[in-house]
Amino acid sequence: MKIVFATNNKHKLKEVREILDDKFYILSLKNINCFEDIPETQDTIEGNALQKARYVYEKYKVNCFADDTGLIVDAIDGEPGVRSARYSGEDCNSENNIKKVLFKINKKTNKNAHFKTVFALILNNKEYLFEGIVNGTIICKKKGTAGFGYDPIFKPNGYNITFAEMTSKQKNKISHRGIGVRKLAKFLKNIQL
Ligand code: IMP
């Protein structure tokens with residue numbers, strides 16, 4: 001079965017293709033010649049995931065799913081949250097986003113945080129949401145070089161290493177996106193088309 005994952009992010013495509021296996025042929029946005037910036041203007045993670053999936057479904061008439069993720073840090077009122085990608089403003093990149101989080105939580109004792117991913121699936125005009133959450137803590141200095149985004153400062157509960165010190169296989173097993181995509185996969189594998 002062919003289905004479009006509304007992303008061109010190579011890390012995410014790799015993670016999701018590894019989990020969804022050979023029963024599904026996962027196309028990226030590039031594969032359907034979608035090169036425009038898809039709007040992500042909602043103020044919730046769910047809203048953004050749905051907005052992206054609806055955009056692709058309506059314009060390209062293909063079954064598809066989209067995801068949106070945020071890092072939610074308790075001591076700073078859930079920031080960066082839905083603004084995780086653009087947290088440090090105009091010149092945002094992972095380096096500056098991480099610096100901003102570390103600066104803001106510097107004097108806070110509560111370092112608890114979680115990643116949340118929502119997958120929005122549109123299949124034959126019906127919409128479905130799947131959520132994945134992983135709890136952990138923010139460490140005060142970057143550790144590790146693997147992964148992307150906030151991985152070097154996020155230590156999942158029960159582990160002494162950050163996401164950036166894990167292999168992609170280790171991370172997939174416990175990560176927000178891994179949990180969310182396995183729910184999506186279970187649903188897709190059971191559905192009768
Ligand atoms: P997106 O909605 O999946 O594009 O994620 C928004 C932002 O959250 C990204 O730009 C990253 O900075 C961050 N992010 C998403 N997933 C991860 C992850 O697995 N590890 C670390 N950071 C992530």
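Just so you know, ligand 1 is whichever comes first in the structure, and atom 1 is the first atom listed for that ligand. Note that this is a predicted model, so its numbers are computed, not measured.
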**Student:** Applying a heavy-atom cut-off of 4.0 Å, say which part of Phe148 lies close to ligand 1: side chain, backbone, both or neither.
**Tutor:** both
**Student:** Does an N or O anywhere in Lys52 fall below 3.5 Å from an N or O of ligand 1?
**Tutor:** no
**Student:** With no hydrogens and no angle check, just 3.5 Å: does a side-chain donor-acceptor pair link Asn31 and Ser28?
**Tutor:**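 Side chains of Asn31 and Ser28: pair found under 3.5 Å.
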**Student:** Is it true that Asp68 and Lys116 have a side-chain N and a carboxylate O under 4.0 angstrom from each other?
**Tutor:** no
**Student:** Any ion pair linking Lys100 and Glu95 (charged N to carboxylate O, less than 4.0 Å)?
**Tutor:**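 No, no charged N to carboxylate O under 4.0 Å.
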**Student:** Can you list the atoms of ligand 1 that are under 4.0 Å from a heavy atom of Asp68?
**Tutor:**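 With Asp68 as reference, the close atoms of ligand 1 come out as 2 (O).
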**Student:** Relative to the heavy atoms of Phe115, which atoms of ligand 1 are at a distance of less than 4.0 Å?
**Tutor:**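 The atoms of ligand 1 under 4.0 Å from a heavy atom of Phe115 are 20 (N), 21 (C), 22 (N), 23 (C).
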**Student:** Quick one: does Tyr87 get a heavy atom under 4.0 Å from ligand 1?
**Tutor:** no
**Student:** Show which atoms of ligand 1 fall inside a sub-4.0 Å distance from at least one heavy-atom site of His176.
**Tutor:**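 That gives atoms 16 (N), 17 (C), 18 (C), 19 (O) of ligand 1.
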**Student:** Enumerate the atoms of ligand 1 whose separation from the nearest heavy atom of Arg177 is less than 4.0 angstrom.
**Tutor:**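 Answer for ligand 1: 16 (N), 17 (C), 18 (C), 19 (O).
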**Student:** Take every heavy atom of Asn97, measure it against each atom of ligand 1, and state whether any distance is under 4.0 Å.
**Tutor:**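 It does not; every heavy atom stays at 4.0 Å or beyond.
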**Student:** Can Thr117 and Glu131 be counted as having a side-chain donor-acceptor contact under 3.5 angstrom?
**Tutor:** no
**Student:** Quick check: is Ile76 connected to Ile72 through a chain of hydrophobic side chains (ILVMFWY, heavy atoms under 4.5 Å apart)?
**Tutor:**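 In one cluster: no.
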**Student:** Numbering the atoms of ligand 1 from 1, which are under 4.0 Å from a heavy atom of Lys171?
**Tutor:**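 Checking each atom against Lys171, I get 18 (C), 19 (O), 20 (N).
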**Student:** Got an N/O contact under 3.5 Å between Ser94 and ligand 1?
**Tutor:** no
**Student:** Enumerate the ring pair (Phe, Tyr, Trp, His ring centres under 6.0 Å) contacts for residues 72-96, please, sequence neighbours excluded, ordered by first and then second residue.
**Tutor:**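 Checked against ring pair (Phe, Tyr, Trp, His ring centres under 6.0 Å) - neighbours excluded - no pair reaches residues 72-96.
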**Student:** Between Arg83 and Glu79 (salt bridge meaning N to carboxylate O under 4.0 Å), is one present in this structure?
**Tutor:** no
**Student:** Which residue and atom name correspond to the protein heavy atom nearest atom 8 (O) of ligand 1, and how close is it?
**Tutor:** Ser84 CB, 3.5 Å
**Student:** Heavy-atom pairs closer than 4.0 Å: do any link ligand 1 to the side chain of Glu40, the backbone, both, or neither?
**Tutor:**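 The answer is neither; Glu40 stays 4.0 Å or more away.
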**Student:** Which atoms from ligand 1 have a heavy atom of Gly149 less than 4.0 Å away?
**Tutor:** 12 (O), 21 (C), 22 (N)
**Student:** Salt bridge (Lys or Arg N to Asp or Glu O under 4.0 Å), that's the test. Do Arg54 and Glu127 meet it? Break it down for me.
**Tutor:** CA-CA 9 Å; Arg54 284 177 185 156; Glu127 297 180 343; 2.7 Å; yes
**Student:** Looking only at protein heavy atoms, which one is nearest to atom 15 (C) of ligand 1, and how far off is it?
**Tutor:** Thr69 CG2, 3.5 Å
**Student:** So, 4.0 Å and heavy atoms of Lys12: is ligand 1 close enough to count as a contact?
**Tutor:** yes
**Student:** Specify the protein heavy atom at minimum distance from atom 20 (N) of ligand 1: its residue, its atom name, and the distance to 0.1 Å.
**Tutor:**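 Scanning the protein heavy atoms, the shortest distance from atom 20 (N) of ligand 1 goes to Asp151 OD1, 2.6 Å.
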**Student:** Run the side-chain contact (heavy atoms from CB on, under 4.5 Å) test against Lys183 and tell me which residues pass, sequence neighbours left out.
**Tutor:**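 With sequence neighbours excluded, Lys183 shows a side-chain contact (heavy atoms from CB on, under 4.5 Å) to Phe130, Ile179, given in chain and number order.
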**Student:** Tell me, which protein residue and heavy-atom name are nearest atom 22 (N) of ligand 1, and how many Å apart are they?
**Tutor:**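 Checked against all protein heavy atoms, atom 22 (N) of ligand 1 sits closest to Tyr150 N, 3.0 Å.
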**Student:** Mind checking whether Asn96 and Ile98 have side chains closer than 4.5 Å, heavy atoms only?
**Tutor:** no
**Student:** Do Tyr55 and Glu36 have side-chain atoms, one donor and one acceptor, less than 3.5 Å apart?
**Tutor:**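 Indeed, the side chains of Tyr55 and Glu36 share at least one donor-acceptor pair under 3.5 Å.
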